[in-house]
Protein chains: 2
Amino acid sequence: MDRVTVFNQYLRKKGLKSTSQRLIILDAFLNSSSHYSTEELYLSLRKDHPRIGYATVHRTLKLFAECGIAAELNFGDGQTRFEPVHSDHHHDHLVCTHCGSIIEFVEPRIEHLQHEIAARYNFTVESHRHELYGRCAKCV
Amino acid sequence: MDRVTVFNQYLRKKGLKSTSQRLIILDAFLNSSSHYSTEELYLSLRKDHPRIGYATVHRTLKLFAECGIAAELNFGDGQTRFEPVHSDHHHDHLVCTHCGSIIEFVEPRIEHLQHEIAARYNFTVESHRHELYGRCAKCV
DNA sequence: GGAGTGATGAAATTGACTATCAAAAACTAA
DNA sequence: TTAGTTTTTGATAGTCAATTTCATCACTCC
């Protein structure tokens, strides 16, 4: 199902309203390849929509995360980042500590080992975080 | 090599001084099994050493991380935690989202796959983060 | 003892995030 | 459409952990 539809259905289910700001932010968010922080998306939006405030961007990104169309990321730089969720595959991240670029990777064998470890400790996994930090090919 | 020695050598190399506060904090840090935040270690120390300030605890923990005898952890609760580094083995964490307990796990096969992934992208790994969040056996 | 260097700790600052609130906009039902 | 109700917006203020500042303090080496 389309992520715009997911968002609108979530709004209706929760008795929330569909506003122009929310739709503008959703559009900008989905059509970006970046892993935006609130600050970065706010600044990017300000070019075309200077009336949209920081608080609105922040609240809307939290809404995206609540309804499952965005994932919250934290790469240890003190800022929460958001990325659009693709329902078809899960991925983790390589983070370049030099230029800040982010590479996504998929590795089912690691996912499998995670389940194995959880079972070892009778642990029920709800989510996980897996990031490799270092130098990307351009920054060696 | 002893971690106390590592710390003292680091201090000397950097022209820093070996003070009673630093040694007290180091002792408390190494003899704990916890994953302390600055706040928690500060409060714990205050019982026996009420004159040691928060800023000193904070600065000293950062020193530990700099010289490699402590690792900084961040489990998404908004506080940075520190744990003593055991040079002989690397581990990652299971974090219970209900009771906050932390289980350490070791899985060389995942470490191996990480290297494989890094090579795939010509990426030089400096560090990594791998945490599974969910319910521990007691909290199911 | 005195000068020089770095450390300490109380307090102030920073920065990301969250809460507040009056005004504005979106929905709802007649 | 319109009046009434509810939610949203955006500027601002507040919160909290992390960090910095700065006036002493402690140590070392003449």
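Atom set for the values below is all heavy atoms of this structure, side chains included, hydrogens, waters and symmetry mates excluded. These figures come from a predicted structure and were not determined experimentally. Residue numbers start from 1 in every chain, and the chains themselves are labelled A, B, ... in the order their sequence lines are given, proteins ahead of strands.
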- Using atom NE2 of B:H49 as one end and atom P of C:dT8 as the other, report the distance to the nearest whole Å. 14 Å
- Message: Output the rounded distance in Å from CD (B:Q79) to C1' (C:dC17).
- Response: 15 Å
- Using atom CD of B:E39 as one end and atom P of D:dT19 as the other, report the distance to the nearest whole Å. 14 Å
- Note on the structure: Side-chain contact check for B:T19: nearest option of C:dT8, C:dG9, D:dT9 is C:dT8
- Counting side-chain heavy atoms from C-beta on, which of D:dT8, D:dA17, C:dA19 comes nearest to A:A55? C:dA19
- Query: Looking only at N and O atoms, is any donor in the side chain of A:K17 or the base of D:dT6 less than 3.5 Å from an acceptor on the other one?
  - Reply: yes
- Message: I need the CZ-C1' distance between B:R22 and C:dA7, as an integer number of Å.
- Response: 6 Å
- Message: Measure CG/B:L16 against P/D:dA26 and give the value in whole Å, please.
- Response: 19 Å
- Message: Taking the ring centre of each residue, are B:F64 and B:F82 less than 6.0 Å apart?
- Response: no
- Query: With ring centroids as reference points, do A:H35 and A:H93 lie under 6.0 angstrom apart?
  - Reply: yes
- Task: Nearest whole angstrom, please: distance from the P of D:dT7 to the CG of A:L23.
- Result: 18 Å
- Task: Return the value, rounded to whole Å, for the distance between atom CG of B:L11 and atom P of D:dA26.
- Result: 19 Å
- Item | Aromatic contact, B:H90 with B:H128 (centres under 6.0 Å) | yes
- Which listed nucleotide (C:dC27, C:dG9, C:dC17) is nearest to the side chain of A:S18? C:dC27
- Does B:T56 reach the main-chain N or O of B:I52 with its side chain, forming a donor-acceptor pair under 3.5 Å? no
- Task: For the pair A:H130 and B:H130, name the ring-plane relationship: parallel under 30°, tilted 30 to 60°, perpendicular over 60°.
- Result: parallel
- Query: How close or far is atom P of D:dT19 from atom CZ of B:R59, stated in whole angstroms?
  - Reply: 12 Å
- Classify the side chain of A:R12 versus the base of D:dT7 as yes if they form a donor-acceptor pair under 3.5 Å and no if they do not. no
- Query: Closest nucleotide of DNA chain D for A:G15 versus for A:I52: which of these residues is on the 5' side?
  - Reply: A:G15
- Task: Among the candidates D:dT20, D:dA11, D:dA18, find the nucleotide nearest to the side-chain atoms of B:T38.
- Result: D:dA18
